[in-house]
Structures are given as C-alpha cells and as structure tokens.
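What follows is a set of notes on a single structure, which appears directly below.
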Amino acid sequence: MKNLLIICLLLYLLSATKTMAQNVKRQTDKHIVHQQERMVHKQWDRKKFTPTSGFLGLNYQYWLTWAWHPNYPKTDRRPLSGTGPQTLRMGMVLAMQQTDEAYKKHADTIRNVAVTEALNYSGLVTDADPLWLLYYRKEFGNLTGDTDPLTGLSPDVGDYLRNKGLLEWYSEERAELKERLEATRTTTLDRGSRIMAYHRLLGEHRKLLSAWEAKKNYAAKFLLLAKNRDRLRSDNPDHPEFSGNRSDVQIAEDILKRTQ
C-alpha cells in the first residue's frame, strides 16, 4: 500500500511539471531587442528608440526612459559605426600596414640603389661589364695576353731590335700600360670614369703598337739596305765608299782617282 502511494505521488508530480512547462511562454521585450540590435550590428535607427514620445509627447514611459539621457539617441555608439572604436582601431591598423609597406618599399629601393651603386663602383665585377666583354677585352688582347713582340720577325731583325734597345723600350712601355690598365680595372671607380680611362689607354696602346710596327719595318728595311750595300761591295771592290762622315769634295776626289 505504501509503495502504491509513492508511485501515485511521482506520477502526479510528473504530470504537474509537464503542465507547467507547457504553460510557460517566451517573454521578449522589444525595447531590449532594439537596444541589442543597435549596439551589435544593425543601423542606429532613431525610429527604434522605444518607447516613443507618443501623441503630443504624453507617453510617460518615454520620459522615464530617455529624459535622463536626452543625447543618447543622437550619438551612434556602435563599435563598428563610422566613428566607433572598432572602426577607428581597424582604420589605424590599416594605416599602420600601409606605413609598414611604404617603409619596406623605401628600404628595398635604398637597398637596390646601394647594390647598383656598389656594382657601378666596384672593381670586382669589371670582368662582367658588357662593354668590356664586347669590345675592350678584344682591343686590349695584345696588352693583357702573353704575346711575344718578335713573333713573325726574322732572326736578324729580332737581333737588331734587341741590340739597339728597341725591344727593351717597347717592353717597358707595354708593361706600364698593362699596369695602368690593371689598376683601372681593380680600383673602386665610377663606371663612366672607368670607361673613359679605357678609352684613353686604348688610344695610347694603339699609338705604341703603331710605333712598334714602324720600328720593325724600319729595322727590316735598314737590314735589307745593309745587305744590298755589302753585296755591291763584294761584287765591285773598286766602288767608292760613301760614308756619312766624308764631305762631298772627298767623295768626288775618290771617284776621280778611281777613274784615272
């Protein structure tokens, strides 16, 4: 009997709880909803500031609510409004990002200019200079290479140039130009000034080559004339000897003596 009473009591409590749950209704306050909407994301709508003033401003609820804060409806207090704190914060973040990008671009520009100027002045990259590769390296080939200045000459001409000191003179002039060229290529110098130095050295180098070619030609002609003179003397021993140290009168007397 006792157990039956307990079971009946439990069933009654369950049915009463279910009935109370079914009778509960969701209560919402539109004024609070409007406030939540305007503070979160929706437009700051002046028409949704409820309760309103009503007919002729006689709604007491309006005065009880907004009389203490008359400027509140006129001020947009949304965090993401045009002047809201979150909008200002994001604007500052965007401005800082743009400033950082501007500084980075400026730093990259300075770096690129510094690298360009370093390459422009450095003597370590002269071998990669396009103008040197395309023109001056070939023109200075005789000066930078280990070429024999007596190449293509007969032994007699080579001995003559060596004995007369012409080969030594050419070697000294050539070594000086080569040293100046190496200094121009390795010195830290503006590229324009370096190219102008190449141009001046190339002119001097060409003059030296022209002078050397002239001396080789003169030496070959002189030796040829000397051989012809010796041959004429051997063929005609009675031929008068013309010496630069004798006067014309002495040469004429020798000829007259030989003709008697």
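Listed by chain and residue number, nothing satisfies the salt bridge (charged side-chain N to carboxylate O under 4.0 Å, His left out) test with E179 (two or more places apart in sequence, or in another chain). By the salt bridge (charged side-chain N to carboxylate O under 4.0 Å, His left out) test, D190 is found to be paired with no residue, residues two or more places apart in sequence or in another chain being considered. For R137, the salt bridge (charged side-chain N to carboxylate O under 4.0 Å, His left out) criterion is met by no residue, not counting sequence neighbours.
Under the 3.5 Å distance criterion, the side-chain polar atoms of S193 are left unmatched by any main-chain donor or acceptor of L189. In this structure, R174 contributes its side chain and N142 its backbone to a donor-acceptor pair below 3.5 Å. Side chain of R194 to backbone of T184: a donor-acceptor contact under 3.5 angstrom is found.
Between F140 and H205, the two ring planes are tilted [angle within 30° to 60°].
With respect to K227 and D156, a salt bridge is recorded, a charged nitrogen being found less than 4.0 Å from a carboxylate O. Using a 4.0 Å cut-off between charged nitrogen and carboxylate oxygen, K104 and D108 count as a salt-bridge pair. Between R162 and E168, no side-chain nitrogen of the basic residue sits less than 4.0 Å from a carboxylate oxygen of the acidic one, so the salt-bridge criterion is not met.
Shortest non-hydrogen contact noted between V157 and A219 is CG1-CB, 4.2 Å. Between K216 and P149, the shortest heavy-atom contact is NZ-O, 4.1 Å. Minimum interatomic distance between T126 and Y198 (heavy atoms only, all atoms of both residues): CB-OH, 4.2 Å.
To the nearest 0.5 Å, the span separating CG on L150 from OH on Y170 amounts to 10.0 Å.
With W169 as the aromatic partner, K215 meets the cation-pi criteria of under 6.0 angstrom to the ring centre and within 45 degrees of the ring axis.
Ring-centre distance between Y160 and F222: below the 6.0 Å cut-off.
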